[in-house]
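Only a predicted model underlies this, so the values are computations on that prediction, with no experimental measurement involved. Because only heavy atoms are used, hydrogens play no part in the values below, and waters and symmetry mates are left out as well, while side chains stay in.
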Amino acid sequence: MYKLGFFSWSILMGLVIASLALHFIPLPDAAKLNTRPQAVFSYADAVNSAAPAVVNIYTSKTVTAKSHPLLNLPFFRRFFERAPVPQKRIQNSLGSGVIIDESGLVLTNHHVIDGAQEILVALQDGRTSNAQVLGSDKETDLALLKIELNPITSIAFANHKPLQVGDVALAIGNPYGVGQTVTMGIISATGRDQLGISTYEDFIQTDAAVNPGNSGGALVNAFGQLVGINTAIYSESGGNQGISFAIPLDHALRVVKDLLKYGQVVRGWLGLETQELTAQLKEAFDMPENVHGQVVVGVSPNGPAHMAGLQKGDIVTHFNGKAASKGTHTMRQIADLMPGDKISLGVIRAGQYVEFHATLGQRQIKR
């Protein structure tokens, strides 16, 4: 008889023990082993959900071609038998919009319809309708239109979960008038301001390709829900360079609410001009490094801030109990309040902390 050596016997026993272990100990579920999320290979469902609510907008207006200014001077005019008569022509432009309610409400940019004498809205299914302007707000670059078509599909709004850098973003619009187009990217940044695009800025930045004609179109998430209104691009060539900006949905809906209720956006006004308390200004004011706020550089005569007692050189550190370190953010906070609302301002004056109370007035509309 063949006798197993010690090494062979050890191998045999190991195999027996392993066999018993496999028999009595259940293997983990294969689905549980695959903990990584599966990649998404298509956003067709998201696009199919959102695209019917994105429209093309065509506008026209009559413009007068001006003669050269030199022809207004008698010396130059005498060289011509008669000064040329300015000629009128029709100027056409295009953009995009989003149906936000099945009653026919269409949200777009102010600059898309500014000065237009005729506005034509074209749906994805080929139907068209002339549009009425219900209201427009230059300071946020938003406008609300009304079309008379039935039935129409409105877009779904994203929930209030904050956008995160890296979230998928789909831009839907009418670039260069070629027809409805979808591009994909990610959220590159949020809270972009001081861009010089509009008075109140808190933009979503994305690298989804956006070009002329996309203005007023939809920026949607991976589920086809609206998160913003495409508004502007950063470009040296006039075409897409991977930096575009959209107005966040919550800001846009606030404007829509006012346009429907008042026909304009009603904003609070404090009558205060400030600039950020920089390191250089802290040194000039002999302020500690840990102090943050805004230096008052202008106070409107008889405005709410003036009536409350604020002066040039005051350092505003708190607005309604919250830090006021960024002027653009505080300006938006004030604008979001209503005339007559009462606010508190924490101020450092001559090294002492003082609290002021003001009643907001109404910001005048810029034309």
Side-chain angles (χ1 to χ4, degrees), residues 31 34-57 95-101 106-109 112 123-125 140-142 153-176 178-193 195 197-198 201-235 237 239-256:
N34 185 16
T35 57
R36 295 185 64 184
Q38 296 297 310
V40 177
F41 295 103
S42 174
Y43 294 100
D45 288 344
V47 173
N48 289 336
S49 172
V54 181
V55 301
N56 299 341
I57 296 178
S96 304
V98 185
I99 300 172
I100 60 170
D101 188 86
V106 177
L107 187 59
T108 186
N109 286 138
V112 169
L123 274 61
Q124 185 197 40
D125 61 14
T140 55
D141 195 16
L142 288 167
T153 301
S154 61
I155 201 163
F157 296 157
N159 57 31
H160 294 290
K161 179 182 177 182
L163 288 175
Q164 299 183 74
V165 174
D167 284 350
V168 168
L170 306 173
I172 310 177
N174 180 26
Y176 295 109
V178 299
Q180 192 177 89
T181 301
V182 182
T183 55
M184 188 191 79
I186 62 169
I187 302 297
S188 305
T190 59
R192 291 295 196 208
D193 57 14
L195 302 173
I197 297 171
S198 57
E201 299 182 341
D202 187 17
F203 288 111
I204 302 164
Q205 181 183 328
T206 176
D207 67 344
V210 171
N211 289 288
N214 273 105
S215 291
L219 185 70
V220 303
N221 60 21
F223 305 101
Q225 300 166 329
L226 186 68
V227 298
I229 301 296
N230 294 316
T231 297
I233 59 174
Y234 177 85
S235 175
S237 64
N240 171 63
Q241 290 187 327
I243 301 178
S244 58
F245 303 99
I247 300 168
L249 175 63
D250 55 345
H251 293 356
L253 292 182
R254 196 272 186 189
V255 171
V256 168

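Nearest heavy-atom pair, Val256 versus Leu107, reported as atom, atom and distance to 0.1 Å: CG2-CD1, 3.7 Å. The heavy-atom pair separating Tyr43 from Val168 by the smallest distance is OH-CG2, 3.4 Å. Taking both residues in full, the closest heavy atoms of Gly224 and Ser49 are given as O-OG, 4.4 Å, listed atom of the first, atom of the second, then distance. Here the closest non-hydrogen pair linking Asn214 and Asn230 is O-CB, 3.9 Å. When all heavy atoms of Ala189 and Val165 are compared, the pair lying nearest together is CA-CG2, 3.9 Å. Of all non-hydrogen atoms in Leu249 and Ala158, the two that sit nearest each other are CD2-N, 3.9 Å.
Annotation: the span from Ile99 atom CD1 to Leu226 atom CG amounts to 12.0 Å, rounded to 0.5 Å. Taking CG of Leu142 as the start and CD1 of Ile229 as the end, the distance is 7.0 Å to the nearest 0.5 Å. How far CG of Asp167 is from NZ of Lys161: 7.0 Å, rounded to the nearest 0.5 Å. With rounding to the nearest 0.5 angstrom, the CZ atom of Phe245 is 13.5 Å from the CG atom of Asp141. For the atom pair Ile186 CD1 and Gln205 CD, the distance stands at 10.0 Å (nearest 0.5 Å).
Judged by distance alone, with hydrogens and angles left aside, the side-chain atoms of Ser96 form no donor-acceptor pair with the main-chain N or O of Gly216 at under 3.5 Å. At distances below 3.5 Å, at least one donor-acceptor pair connects side-chain atoms of Asn174 with backbone N or O atoms of Gly179.
Shown here are the side-chain hydrogen bond (donor to acceptor under 3.5 Å, both in side chains) partners of Asp101, two or more places apart in sequence or in another chain: Ser103. For Thr108, the side-chain hydrogen bond (donor to acceptor under 3.5 Å, both in side chains) test picks out no residue, with sequence neighbours left out. Under the rule for a side-chain contact (heavy atoms from CB on, under 4.5 Å), the partners of Val54 that lie at least two apart in sequence or sit in another chain are Ile172, Gln180, Ala218. Applying the side-chain hydrogen bond (donor to acceptor under 3.5 Å, both in side chains) criterion to Asp202, with sequence neighbours excluded, gives His251. In this view, Thr190 and Leu163, Ile187 satisfy the side-chain contact (heavy atoms from CB on, under 4.5 Å) rule, not counting sequence neighbours. The side-chain contact (heavy atoms from CB on, under 4.5 Å) search around Asp125 returns Leu123, Arg127, not counting sequence neighbours.
Within the 4.5 Å cutoff, side-chain heavy atoms of Val220 are placed close to those of Ile155.
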